[in-house]
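Treat the numbers as computed from the prediction; the structure is a model and nothing was measured. Counting convention: from 1, in listed order, for ligands and their atoms alike.
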Amino acid sequence: MTRKMATIRKIDALRPIVGADAIECAIVGGWTCVVKRGEYVAGDLAVYCEIDSFIPSTIAPFLTKPGHYAKTFEGVEGERLRTVSLRKQISQGLLLPISILEQFDLTDCGDKVRPENLVVGDDVSELLGIVKFEQAVPAALAGEVKGMFPSVIPKTDQERIQNLSVELEEWRAEGLTWTITEKCEGSSFTAFFNDGEFNVCSRNLMLKENADNTLWATANKYDLKNKMTALGRNIAVQAELLGPGVQGNIYKLSKHMLAVFDIFNIDTQQYMSPADCKDMIEQLGLTSVPVLTSSAELSDKTIDVLLKMADGASVMGLVGCKREGLVWKCNEQRESFKTISNTYLLGEK
Ligand code: AMP
Ligand code: MN
């Protein structure tokens, strides 16, 4: 699943902001986005760009503050969308009128992207030149590429609750139970044993064994190759790599560590249940991401309530640092989502 940065959405509602005349809030699924007052009407279709989108200046020059230069990413001038607070109102993402698409030459795109043919959910990122902003990866994490991420293992990812309003309704009705873990801010790590071979991967690539590479060095520190080979099962351990040089090391850890959040059974092509995952983590002498509870219920929790729950102190570091958020994993079936703390996002540098 690649993240759809810019999609066609329906505006669910518009809400006034106390004390503000010129702006109001547009509600799009679970997202709240501040817009110019009167620019949209509830029910309108619009282009919604999620936070972390890099928006070319050509389509939204107003994102660059007066007197500042635009940023550059992958050779394109533009701005990265961050979570902001305007008049004490949180605003996430950017809403653009559907007419923005008229700026583009749609002749080669087929009928699909003609404004009159677009439907809710359509991805217009490529058409608008909108990509996900990515921080440059430090050399010690990037490593040398051995190959693509194996197709027999799912890449690590989690969908944001703000994009799951429909699913949330269903899950609530089904009365499922959930395991909540702390979402750790680091780098994605996968180690797997399959048909006699052990490998280490970053989020998208398989890496050559090399002690200079932090992922391999950490795998070796935990003696994962020997342990997983001795176990002899075709499984993948998926963890967050934390520590010095990784995503600003917000927990101020002095050494690298792995916080395991999933174990995938390659033979059955299924993730282990939270309970089986816990057993396997113990068997391999690894550490799990912090488990806050294994019996949470969604009951009548709204997206806003779930997002509030994401705020809090991290249990990872020594200092009282804020947590990035939570990941909810269903105990009965394979469903999961992330709730990123808005307090954390607002404080992010
Ligand atoms: P993001 O970091 O926003 O791309 O969110 C998805 C990623 O969070 C996953 O690919 C994992 O690498 C990472 N992650 C960190 N903590 C957890 C956790 N407790 N459960 C699942 N994934 C996690
Ligand atoms: Mn992350």
[atom]: nearest protein contact (heavy atom, Å):
atom                    : result
atom 3 (O) of ligand 1  : Lys338 NZ, 2.6 Å
atom 10 (O) of ligand 1 : Thr156 OG1, 2.8 Å
atom 16 (N) of ligand 1 : Cys184 N, 2.9 Å
atom 2 (O) of ligand 1  : Lys183 NZ, 2.8 Å
atom 7 (C) of ligand 1  : Arg203 NH2, 3.9 Å

Just which atoms of ligand 1 are under 4.0 Å from any heavy atom in [X]?
X      : value
Thr181 : 18 (C), 19 (N), 20 (N)
Asp157 : 10 (O)
Val289 : 19 (N)
Ser188 : 12 (O)

For this session: Evaluate the side chain to side chain donor-acceptor pair (under 3.5 Å) criterion for residues Arg9 and Asn163: first the C-alpha distance (whole Å), next the side-chain angles of each, then the deciding distance (0.1 Å), finally the verdict.
Result: CA-CA 11 Å; Arg9 301 280 188 117; Asn163 292 329; 2.9 Å; yes
Problem set entry | Any N/O pair Ile340/ligand 1 closer than 3.5 Å |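 Between Ile340 and ligand 1, no N or O pair is found under 3.5 Å apart.
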Exercise. Heavy-atom contacts under 4.0 Å between Val327 and ligand 1: side chain, backbone, both, or neither?
Worked result: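 Under 4.0 Å from ligand 1, Val327 contributes side-chain atoms alone.
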Exercise. Parallel under 30°, tilted from 30 to 60°, perpendicular over 60°: which one fits the rings of Trp31 and Tyr48?
Worked result: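 Rings of Trp31 and Tyr48: tilted, 30 to 60°.
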Exercise. Parallel under 30°, tilted from 30 to 60°, perpendicular over 60°: which one fits the rings of Trp216 and Phe198?
Worked result: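 Judged by the thresholds at 30° and 60°, the geometry between Trp216 and Phe198 is perpendicular.
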Exercise. Distance only, no hydrogens: is a donor on one side chain within 3.5 Å (strictly under) of an acceptor on the other, for Thr156 and Ser188?
Worked result: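 Yes - a donor-acceptor pair under 3.5 Å links their side chains.
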Exercise. Is Glu209 paired with Lys225 through a side-chain N to carboxylate O contact shorter than 4.0 Å?
Worked result: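 Yes.
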Problem set entry | Best match, Glu324, Lys329, Gln247, Glu240: closest heavy atom to atom 14 (N) of ligand 1 |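 It is Glu240 that holds the nearest heavy atom.
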For this session: Could you name the option among Phe261, Phe337, Phe189 that has the heavy atom nearest to atom 22 (N) of ligand 1?
Result: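 Heavy atom nearest to atom 22 (N) of ligand 1 belongs to Phe261.
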For this session: Step through the shown structure and confirm whether more than 12 heavy atoms of other residues, nucleotides or ligands are within 6.0 Å of NZ on Lys221.
Result: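 Yes, because the 6.0 Å sphere around NZ of Lys221 holds more than 12 heavy atoms from other groups.
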For this session: Might you confirm whether atom NZ of Lys155 has over 12 heavy atoms from other residues, nucleotides or ligands at distances under 6.0 Å?
Result: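 Enclosed: over 12 neighbouring heavy atoms sit under 6.0 Å from NZ of Lys155.
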Exercise. Which pair of heavy atoms, one from Val145 and one from Leu205, lies closest together, and at what distance?
Worked result: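 That would be CG2-CD1, 3.7 Å.
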Problem set entry | Face-on cation placement of Arg80 at Phe54 ring, 6.0 Å and 45° thresholds |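 Arg80 over Phe54 ring: no.
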